[in-house]
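The next block holds one structure in the form of structure tokens; read it before the comments.
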Amino acid sequence: MPELREAQQGKVVLRFAPNPNGPLSFGHARGIVINGQYAERYGGELILRFDDTDTVVKPPLPEAYSSIVEEATWLLGRAPDRVVIASDRIPVYYEHAERMLQGGGGYVCTCSAEAFRELRVAQTPCPCRDADAEINMERWRMMLDGRFAQGEAVVRVRTGMDLPNPALRDWPALRIQDTTAAPHPRPEVGSTYRVWPLLDFQSAVEDHLQGVTHIIRGKDLMDSTRKQSLLYEHFGWTYPETMYWGRVKVHEWGGFSTSAMRADIEAGTYEGWDDPRLPTIAALRRRGIQAEALRAFWLELAITQKDIAVPLATLYSHNTSVVDANAHRLAFVRDPVPLTLHNAPEEATLVAFPDDAERDVRRLDLSRGEVLIEAEDLQDPAPFRLKDLGDVEKEDGALHLTSLERSDSRRILHWTTPDATEAVLMVVNDGHIHNVKGRLEPHDLPSGAVVQLERIGYAILLDDHRLLMMHE
RNA sequence: GCUUGCGUGGUGUAGUGGCCCAUCAUAAAGGAUUCUCAUUCCUUUGACCCGGGUUCGAAUCCCGGCGCGAGCACCA
């Protein structure tokens, strides 16, 4: 990661500002990880800010406020330094709007959205643009007290109708939302306000108020930077240093939008935000993807403006290296075939952690003289060895233990004992969950433990009878 | 259409005029170690979008083309 421009040790303030209309998704992790990393590197601060100023198009999800703080903390390995909620600070934005109107930096526009769109294309000022501060203040009061209804008036920033970039021409800063009919989802806010700032105004003012020094965000917000810089000129402020990253697509996931996921969850298509098919932080976490792996992943992608498509294998590779040494080995026998084992000892001792044999062992009870093996492994007539037990020969449908020591280089199979529990291994593939039935070796690991199923891959224990596959 | 931004191996990434017959990671193939088809280690394959120009010298600078993306919402 490159150095930040104009960064002074101990004086860097960054922020990550999601819309709490759902919990964090995979892509959000980038904002948290990168901003958090820089805050740490320069001994600065990371602000988590909820940009929840829309009650109509993307209404906030009440639970998201707490879940996002919790998820961000998990990802960072520490809590954000400050948490700011935009909907708590509406009066502050009002003050700045009034200052802008009084200083002639903006005006109240009563043109319809469609009408203004035409004026913008034609580079023609609208009639409202000429109004003096007094008239603007009166219209502003009309917005506040309800004499204007939703859609009838908007506060615009005066930037210039002849700007070459149409996106910047007298952009809208605050609008009216009918919060009586559709209250803000936070009960403490509810129907208190009817005039709400739009992202560019709210974000710009708040960045200044919070002393943000550096903004790192998606390049889709490039024009936002330009818009906001024009607003900063009105106020005589200096805009923070800004960097951008491009779009990231994950090959295995299509395009997921927060609102679409929310609708699908409500419709019952998915079991919740942590459904393993979804690209949310909650789902990845439930699948056993470690915060450290996510951090390594995003740091490796760094902050190019290129639009990239990455395979999940890259993330999995990071996760394997984080998890492997501490993943307890366990056998999961799919399509199990019971076979009598002659000559068996009373008990077998298998390796739990290959890198650290002292740490723990697995003891399996062989007193019943029977083992379970995968049917597929039995297709091959070649002799084999039961891992950590001994070489066997197959005779009359039964196994004979012939040697505890390895006598040759025959293949080695995983196996378990008849007291293994019936279990289901959930594997996500192609956006579908496949339930693989099998028998799971007896163990005393808690739910949530990350294990490596021998010859299969890494998985997480959900409960006594369910496992969720992480990756190979 | 207007306005922006980006183009290095399969996928990501380093590289800001000579240290680059281009870095690292990942993927793939092969091999070694290993009582797992895991881990670890080694090897191989493989890239500077195209065309001009500037220069003794360009992945790096300039121009043009092509390709891909984003903004032009009273969403964030």
Side-chain angles (χ1 to χ4, degrees), chain A residues 2 17-21 50-60 86 109 111-114 116-117 120-121 123 143 150-156 163-169 171-177 195-200 202-203 217-227 244 246-249 251 257-259 296-297 299-318 320-321 323-325 327 329-331 350-351 353-355 384-391 404-406 409-415 452-458 472:
Chain A
N19 179 342
N21 63 337
F50 292 109
D51 283 350
D52 60 343
T53 56
D54 182 86
T55 61
V56 178
V57 183
K58 291 179 180 171
C109 173
C111 300
S112 69
E114 306 76 55
F116 193 84
R117 200 171 302 141
R120 175 171 47 218
V121 173
Q123 303 194 17
M143 284 177 75
Q150 180 171 309
E152 287 182 353
V154 63
V155 174
R156 292 187 180 282
L163 257 23
N165 187 343
L168 313 185
R169 294 170 195 161
W171 53 271
L174 300 98
R175 83 313 208 171
I176 298 165
Q177 297 187 115
V195 175
W196 284 82
L198 285 144
L199 171 83
D200 285 306
Q202 177 271 131
S203 177
R217 59 183 171 198
K219 66 174 183 179
D220 53 313
L221 262 20
M222 266 179 174
D223 283 345
S224 271
T225 298
R226 299 181 180 105
K227 284 190 214 174
Y244 310 92
R247 277 181 77 97
V248 173
K249 262 192 230 159
H251 189 254
S257 80
T258 301
S259 355
F297 174 86
L299 256 18
E300 188 173 75
L301 296 192
I303 34 186
T304 48
Q305 288 186 34
K306 266 193 281 188
D307 297 317
I308 55 179
V310 288
L312 240 23
T314 307
L315 175 63
Y316 293 160
S317 162
H318 284 295
T320 295
S321 56
V323 129
D324 182 72
R329 267 53 176 178
L330 230 44
L350 330 220
V351 175
F353 299 97
D355 294 339
F384 53 86
R385 178 178 175 82
L386 297 176
K387 186 169 186 295
D388 291 331
L389 178 59
D391 292 352
L404 290 176
E405 297 305 311
R406 289 195 78 171
S409 59
R410 62 181 64 194
R411 64 203 170 110
I412 296 163
L413 305 183
H414 69 291
W415 56 279
Q452 192 212 63
L453 302 177
E454 291 193 293
R455 303 211 296 144
I456 298 175
Y458 300 91
E472 295 190 341

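Naming: A, B, ... by sequence-line order, numbering from 1 per chain. Any value given below was found using the heavy atoms of this structure, including those in side chains, with hydrogens, waters and symmetry copies removed.
For A/Asp220, whose side chain is taken as the heavy atoms from C-beta onward, the closest listed nucleotide among B/U4, B/A70, B/U26 is B/A70. Closest to the A/Val310 side chain, of the nucleotides B/U11, B/C37, B/C75, is B/U11. Checking B/U13, B/C6, B/C35 against the side-chain heavy atoms of A/Ala302 singles out B/U13 as nearest.
A gap of 25 Å separates the C1' atoms of B/U43 and B/C48, to the nearest Å. Only the P atoms considered, B/U11 is 15 Å distant from B/C68, to the nearest whole Å. Across the P atoms, B/U40 and B/G67 are found 43 Å apart, a figure rounded to whole Å. B/U23 and B/U44 are spaced 12 Å apart, taking the P atom of each and rounding to whole Å. When the P atom is used for both B/A70 and B/G12, the distance is 16 Å, rounded to whole Å. Straight-line distance between the C1' atoms of B/U26 and B/U13: roughly 10 Å, to the nearest whole Å. Spacing of C1' atoms, B/C42 relative to B/C63, comes out at 47 Å, to the nearest Å.
Backbone-only engagement by A/Ala309 is indicated by non-hydrogen atom pairs under 4.0 Å involving sugar-phosphate atoms exclusively. Across all strands, A/Pro354 comes closer than 4.0 Å to base atoms (heavy-atom distances). Counting non-hydrogen atoms under 4.0 angstrom, A/Gly151 reaches a base of the nucleic acid. Among the atoms of the strands shown, only primed sugar atoms or phosphate atoms (P, OP1, OP2) are found under 4.0 Å from some heavy atom of A/Tyr458.
By the ring pair (Phe, Tyr, Trp, His ring centres under 6.0 Å) test, A/Phe384 is found to be paired with no residue, residues two or more places apart in sequence or in another chain being considered. For A/Phe50, the ring pair (Phe, Tyr, Trp, His ring centres under 6.0 Å) partners two or more places apart in sequence, or in a different chain, are A/Tyr65. A/Phe353 is linked by a ring pair (Phe, Tyr, Trp, His ring centres under 6.0 Å) to A/His328, counting only residues two or more places apart in sequence or in another chain.
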**Item:** Per-nucleotide protein contact string for nucleotides 60-68 of chain B (B base, S sugar-phosphate only, - none; heavy atom under 4.0 Å)
**Value:** ---------

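Counting only residues at least two apart or on different chains, the salt bridge (charged side-chain N to carboxylate O under 4.0 Å, His left out) pairs with a member in residues 303-313 of chain A are A/Lys219-A/Asp307.
In RNA chain B, consecutive stretches of 3 or more Watson-Crick or G-U wobble pairs with both distances under 3.5 Å are given as paired ranges: B:1-7 with B:66-72, B:10-12 with B:24-26, B:28-32 with B:40-44, B:49-53 with B:61-65.
Looking only at distances, a side-chain donor or acceptor of A/Gln177 sits under 3.5 Å from a matching main-chain atom of A/Thr53.
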